[in-house]
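Have a look at the structure below before the remarks.
Read the numbers this way: they start at 1 and go in the same order the structure lists the ligands and their atoms.
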Amino acid sequence: MRLPDPALVVLVGPSGAGKSTWAAGRYRTEEVVSSDALRGVVGSGPHDLDASADAFALLETVVAARLGRGLTTVVDTLGLDADRRLAWLAAARAAGLPAVAVRMHTPDALCRQRNAARDRPVPAPVLAAQLKRAALVGTALDLEGWDLVHVVDTDEAPRVPEEAPRRVEGHTPRRGPDDRRSSQGLRVVLQVSRFPWGEDPAGWLRSVALAADEAGFAGLALMDHLIQIPQVGRAWEPIPEPWVTLGMLAGLDTRLDLGTLVTPVTFRPAGVVAKAAATLDALTGGRCFVGIGAGWWAREHAAYAVPFPSARERLDLLEDAIRTMRALWASGTKAYAGGRVDLPETTGYPRPAGRIPVVVGGGGERRTLRIAAELGDACNVASDPETLDRKIEVLRAHCRDVGRDPAEVAVTVLDLPVVGRDRADAWARVERLRGRSPAAAFARRTHAGTVADQRDRYGALADRGVDTVFLGLGDLAGPEDVLALADLVG
Ligand code: GTP
Ligand code: MG
């Protein structure tokens, strides 16, 4: 049965009849104005009867305001008071909205039983009085002039989805193997570099991560910068500390791999990174990865009083960092001696849940790719085809040199496309994002196009031997943008 919408919907029925449940299964939270909920707002809780007068005053204000805007309004009270009902009916008429009464027709015994099962049951005599009034309300409703009186019998199946309690409303995690790959054989990881989270940082992050899980992304990667980098945004835009942020995301019910892309070796001693990563891996049951690089941006180091040694020293640090992390993650507590790194013991608890993949970021052919070949599980380079082919070739050569099977070092790319719903939308985004770059050049550089266009390109990347794409959106605004990529990552 479809009820008119927008409309005023007045619920009618005794305690325990199932009014709130019925409304929650059909309407958005914001559309339901509940006297119980408002008692909780102005009083100590939904059952604070001393707060009733204030709660009802507020309820009338909300109902009038919503109806005045032509918005669907579901009034969740007992609805047994005829004067109140008639006032709401008149307000709907004044607003030109249809007025619907929904009468919950629930057997008395069931109401009593549900009432008794509650944390704070309504006293039995009070419920008895309600049941008596409810028995007579049907006739009254028929005479009051409602556009529709909809009777809900309890045998009408409840529409509230039976979800596991920790699931988030509207979040359907993708089923499938743990190693999530797209139909093209790629792992696609969402790289988040901008955080337009408005007034709700945690809520925004959460919604983006849940959307990534639902869309089928294999993981979520965060940049590690102390100041937002000019390639992404303005210096005063937020850029959160990644390990703290990943810790929050670890608490969500997803199967996303979580990690950095990339953390510069200069920010934290390698042992401390090893500790953070091991903790994250333990908390997530083995979903942590560490993207790590030599660091490049002098400004953020200066601003935060972090030493920024020469490129050669930073590359030494990178090599040492990977050795140090691996030593601390390995089982046992024995001393470690590896060239420049000398650890008197390697006591590290919690232990990681599994082998934490180390992704070496940067395409420096002489050293970075060498370090990746020697010590990395993966090597992250740019996604444009010419560069990619060249880097893969160099990486493989280094692997041969150091006697490592090239298959052990996965090739990953950072891909920063402009993705539109259709051609026109892609172009509108190019216009918005291009800054002073000529539109055509920017569109080419960012592979501006639809999801289908990106799919064609990803097919080619897979053919070239790419294992994982870190996909970042220059104009990521929120979860919708992430969900829109489902066909690309699934
Ligand atoms: P008050 O707010 O006290 O006036 O009650 P209400 O009419 O809003 O009832 P509510 O929706 O809170 O439901 C009361 C109890 O019955 C809750 O524990 C619900 O989970 C349960 N309930 C409501 N509708 C259904 C239903 O259709 N099927 C089942 N199995 N349980 C229901
Ligand atoms: Mg209720």
Side-chain angles (χ1 to χ4, degrees), residues 1-3 7-60 62-63 66 72-85 87-88 100-138 140-141 146 148-169:
M1 165 101 198
R2 287 188 69 81
L3 300 182
L8 165 73
V9 178
V10 173
L11 305 178
V12 179
S15 275
K19 302 179 296 295
S20 303
T21 308
W22 182 89
R26 286 161 182 78
Y27 294 94
R28 296 187 301 120
T29 318
E30 294 78 8
E31 292 170 329
V32 180
V33 191
S34 146
S35 51
D36 281 353
L38 291 172
R39 276 192 194 94
V41 172
V42 296
S44 65
H47 309 287
D48 184 357
L49 294 181
D50 293 337
S52 286
D54 285 339
F56 270 93
L58 203 48
L59 181 136
E60 299 300 348
V62 176
V63 171
R66 291 191 61 89
T72 285
T73 307
V74 181
V75 185
D76 181 8
T77 68
L78 291 175
L80 296 172
D81 183 308
D83 292 341
R84 284 212 167 101
R85 282 201 306 269
W88 296 324
V100 180
V102 173
R103 180 160 75 87
M104 303 303 296
H105 188 236
T106 307
D108 290 4
L110 188 51
C111 293
R112 286 202 193 88
Q113 184 195 330
R114 286 174 177 173
N115 181 54
R118 282 179 158 171
D119 284 346
R120 300 197 47 147
V122 174
V126 176
L127 182 59
Q130 288 177 13
L131 292 169
K132 219 152 133 191
R133 288 161 74 197
L136 305 170
V137 80
L141 290 174
W146 297 87
L148 176 69
V149 177
H150 175 55
V151 179
V152 179
D153 282 301
T154 35
D155 49 0
E156 186 175 319
R159 285 245 208 109
V160 180
E162 303 278 334
E163 280 179 314
R166 66 201 175 118
R167 288 255 180 275
V168 173
E169 197 175 73

Using a heavy-atom cut-off of under 4.0 Å, does the side chain or the backbone of Asp36 touch ligand 1, or both, or neither? side chain
I want to know if ligand 1 touches Gly18 in the polar sense, i.e. an N/O pair below 3.5 angstrom. yes
Shortest non-hydrogen contact between Ser52 and Arg39, atoms and distance: OG-NE, 3.0 Å
Between Arg114, Gln130, Met104, Arg118, flag the one that comes closest to atom 29 (C) of ligand 1 by a heavy atom. Arg114
Please determine which of Val33, Val100, Leu11 meets the side-chain contact (heavy atoms from CB on, under 4.5 Å) test together with Val74. Leu11
Logged contact type for Pro14 with ligand 1, heavy-atom cut-off 4.0 Å, is backbone
Does any non-hydrogen side-chain atom of Arg85 lie less than 4.5 Å from one of Val12? yes
Show which atoms of ligand 1 fall inside a sub-4.0 Å distance from at least one heavy-atom site of Ser20. 2 (O), 6 (P), 8 (O), 11 (O)
Please tell me whether Asn115 and Ser15 have a donor and an acceptor in their side chains that are separated by less than 3.5 angstrom. no
Contact flag Ser15/the Mg ion (ligand 2), N/O/S atoms, threshold under 2.8 Å: no
Side chain to side chain, Phe56 and Asp81, heavy atoms closer than 4.5 Å: no
Proximal atoms of ligand 1 relative to Ala17 (non-hydrogen, under 4.0 Å): 7 (O), 9 (O)
Closest to atom 4 (O) of ligand 1 (heavy atoms only, candidates Arg120, His47, Lys19) is Lys19
With nothing but distance in play, are any N or O atoms of Leu78 less than 3.5 Å from an N or O of ligand 1? no
Sub-4.0 Å heavy-atom approach of Gly13 to ligand 1: no
Contact check, side chains of Asp76 and Asp36, non-hydrogen atoms, under 4.5 Å: no
Quick check: closest heavy atoms across Pro14 and Leu131, and the distance to 0.1 Å? CG-CD2, 3.7 Å
